[in-house]
2 protein chains.
Amino acid sequence: MFSKACEYGIRASIFIALNSFEGRRVSPKEIAAEIDSPQAFTAKILQALVRHNVIQSVKGAYGGFEIDKNRIKDIKLSDIVDAIDGDNIYKGCGLGLKACDEDRPCPMHDKFKVVREELKTMLESTNLEDLALDIKEGDTFLRR
Amino acid sequence: MFSKACEYGIRASIFIALNSFEGRRVSPKEIAAEIDSPQAFTAKILQALVRHNVIQSVKGAYGGFEIDKNRIKDIKLSDIVDAIDGDNIYKGCGLGLKACDEDRPCPMHDKFKVVREELKTMLESTNLEDLALDIKEGDTFLRR
DNA sequence: TTTAATTCGGATAATTTTATCCTATTTTAT
DNA sequence: ATAAAATAGGATAAAATTATCCGAATTAAA
Ligand code: FES
Ligand code: FES
């Protein structure tokens with residue numbers, strides 16, 4: 001469904017949010033260890049998320065990645081997916097036609113559109129706060 | 001959402017079904033031209049679909065690809081996706097954990113599961129006959 | 001001001017996916 | 001039998017994704 005980069009990006013964002021609640025910055029090393037991802041590759045993804053303004057970075061000693069505590073609840077899954085995988089999964093044709101076009105639809109269009117919309121709604125209505133809180137409660141996990 | 005191979009595979013299967021209604025076999029060349037896909041790559045995908053028993057091939061002169069006319073309505077989109085992309089999209093964890101596990105779910109699990117199930121239901125309840133008939137009526141298109 | 005701890009960014013490598021090419025094999029018609 | 005028309009399948013190649021490495025730039029503390 002999502003690219004590896006996007007999966008790592010979401011898991012990383014949740015872990016950063018979790019720590020930002022406590023006012024703690026985290027390093028790519030710590031993040032990769034926690035979410036079980038390749039460290040250098042994860043670092044690249046974090047850079048992309050910074051560029052897209054999803055997370056913030058602080059350089060130098062005592063630096064690391066963080067998310068403004070007050071904005072955690074405003075960051076939606078769709079922001080992360082958009083930043084890394086782009087909008088094809090929301091807007092693209094399920095059969096790979098150049099664009100999804102109501103006026104000249106592919107055979108899967110009517111049925112696919114429903115699923116695509118549901119995915120969109122789900123990603124747009126899920127924020128980092130919700131996800132991080134579940135982890136804190138021990139109900140969900142970032143690795144296995 | 002799906003791989004290129006899978007997109008081509010679905011489009012090809014629909015076109016083959018359309019022709020099999022008329023008792024006509026089609027070649028990879030004709031298929032690729034019709035669905036706007038690379039011919040040799042498409043041929044490989046057709047071979048895979050034959051191996052998975054989704055379509056049939058007849059070698060030699062006057063040969064080509066076809067689908068048993070009586071089985072067109074029994075072939076579901078999920079059969080094609082399964083054959084080419086496997087079952088990860090139905091069964092896998094949305095955040096890329098090794099497997100989706102109810103007992104140790106990822107933070108996205110509850111919400112992702114709903115979308116994944118809807119996709120599964122959609123693919124399992126859509127058959128090649130429905131898709132091919134819409135094209136015949138001129139309501140939908142395989143290329144653009 | 002120096003040092004240590006960091007992120008940033010470029011270069012490169014490995015792997016997977018997508019794509020092409022060529023030959024072998026099969027089958028029908030002549 | 002032979003020739004022609006097809007699919008099958010192996011060997012590569014190209015492109016995209018995933019992954020690693022290393023030095024440059026930045027920042028805070030000592
Ligand atoms: S045209 Fe294919 S999904 Fe809309
Ligand atoms: S555990 Fe991630 S989707 Fe079920």
Task: Whole-Å distance separating the CD atom of A:Gln47 from the C1' atom of C:dG10 - done: 10 Å
Task: Gap separating the CD1 atom of A:Ile16 from the CD atom of A:Glu30, nearest 0.5 angstrom - done: 10.0 Å
Open item on the list: Given 3.5 Å as the limit, does a donor-acceptor pair link the side chain of A:Ser20 with the main chain of A:Gly23, or not?
Closed with: no
Open item on the list: So, taking the atom named CG in A:Leu95 and the one named OG1 in B:Thr140, what distance separates them when rounded to the nearest 0.5 Å?
Closed with: 9.5 Å
Open item on the list: Can you list, in residue-number order, the parts of residues 9-20 of chain A that come under 4.0 Å of DNA chain C, counting heavy atoms only?
Closed with: none
TODO: List for me each residue that meets ring pair (Phe, Tyr, Trp, His ring centres under 6.0 Å) alongside A:Phe41, sequence neighbours excluded, and say none if there are none.
DONE: A:Tyr8
Task: Partner residues of A:Lys69 under the side-chain hydrogen bond (donor to acceptor under 3.5 Å, both in side chains) criterion, sequence neighbours left out - done: none
Open item on the list: So if I define the base as every atom that isn't primed, P, OP1 or OP2, how would nucleotides 16-30 of chain C read as a B/S/- string at a heavy-atom cutoff under 4.0 Å?
Closed with: --BBB-----BBBS-
- [ ] Check step by step if side chain to side chain contact (heavy atoms under 4.5 Å, CB included) holds for B:Cys93 and B:Lys98.
- [x] CA-CA 7 Å; B:Cys93 169; B:Lys98 287 186 187 50; over 6 Å; no
Task: side-chain hydrogen bond (donor to acceptor under 3.5 Å, both in side chains) pairs, two or more places apart, involving residues 37-61 of chain A - done: A:Ser37-A:Thr42
Task: Atom pair CG (B:Asp101) and CG (B:Leu97), whose distance is rounded to the nearest 0.5 Å - done: 9.5 Å
TODO: Determine which pairs satisfy salt bridge (Lys or Arg N to Asp or Glu O under 4.0 Å) with at least one residue from residues 71-88 of chain B, sequence neighbours left out, and list them in order.
DONE: B:Asp87-B:Lys91
TODO: Mind jotting down which residue pairs meet the salt bridge (Lys or Arg N to Asp or Glu O under 4.0 Å) criterion with at least one end in residues 4-26 of chain B? Sequence neighbours excluded, please.
DONE: B:Lys4-B:Glu7, B:Glu22-B:Lys136, B:Arg25-B:Glu66
TODO: At the 4.0 Å heavy-atom cut-off to chain B, mark where contacts on DNA chain D begin and end, going 5' to 3'.
DONE: D:dA5 to D:dA11
- [ ] Establish, with yes or no, whether the OP1 or OP2 oxygen of C:dC8 is under 4.0 angstrom from a side-chain nitrogen or oxygen of A:Ser57.
- [x] yes
Distance-only criterion, 3.5 Å: show the donor-acceptor pairs between side-chain atoms of residues 120-129 of chain B and protein atoms not counting sequence neighbours.
from	atom 1	to	atom 2	distance (Å)
B:Thr121	OG1	B:Glu117	O	2.9
B:Ser125	OG	B:Thr121	O	2.9
B:Ser125	OG	B:Met122	O	3.3
B:Thr126	OG1	A:Lys111	NZ	3.3
B:Thr126	OG1	B:Met122	O	2.7
B:Asn127	OD1	B:Glu129	N	2.9
B:Asn127	OD1	B:Asp130	N	2.9
B:Asn127	ND2	B:Asp130	OD2	3.3

- [ ] Could you please spell out the steps behind the side chain to side chain contact (heavy atoms under 4.5 Å, CB included) verdict for B:Met1 and A:Arg116?
- [x] CA-CA 10 Å; B:Met1 181 85 74; A:Arg116 199 180 55 188; 5.6 Å; no
Open item on the list: Applying side chain to side chain contact (heavy atoms under 4.5 Å, CB included) to A:Phe2 and A:Ile89, what does each step give before you reach the verdict?
Closed with: CA-CA 9 Å; A:Phe2 307 113; A:Ile89 200 152; 4.2 Å; yes
TODO: List the steps, then state whether side chain to side chain contact (heavy atoms under 4.5 Å, CB included) holds for B:Met108 with B:Lys113.
DONE: CA-CA 8 Å; B:Met108 231 175 58; B:Lys113 195 174 57 169; over 6 Å; no
TODO: Starting from the first five and the last five pairs of the helix from C:dT1-D:dA30 to C:dT30-D:dA1, work out the angle between the resulting helix axes, to 10 degrees.
DONE: 0°
- [ ] Quick one: which residue pairs count as a ring-ring contact (aromatic ring centres under 6.0 Å, His included) with a foot in residues 119-144 of chain B, not counting sequence neighbours?
- [x] none
Task: Residues from residues 78-89 of chain B lying under 4.0 Å of DNA chain C - heavy atoms - done: none
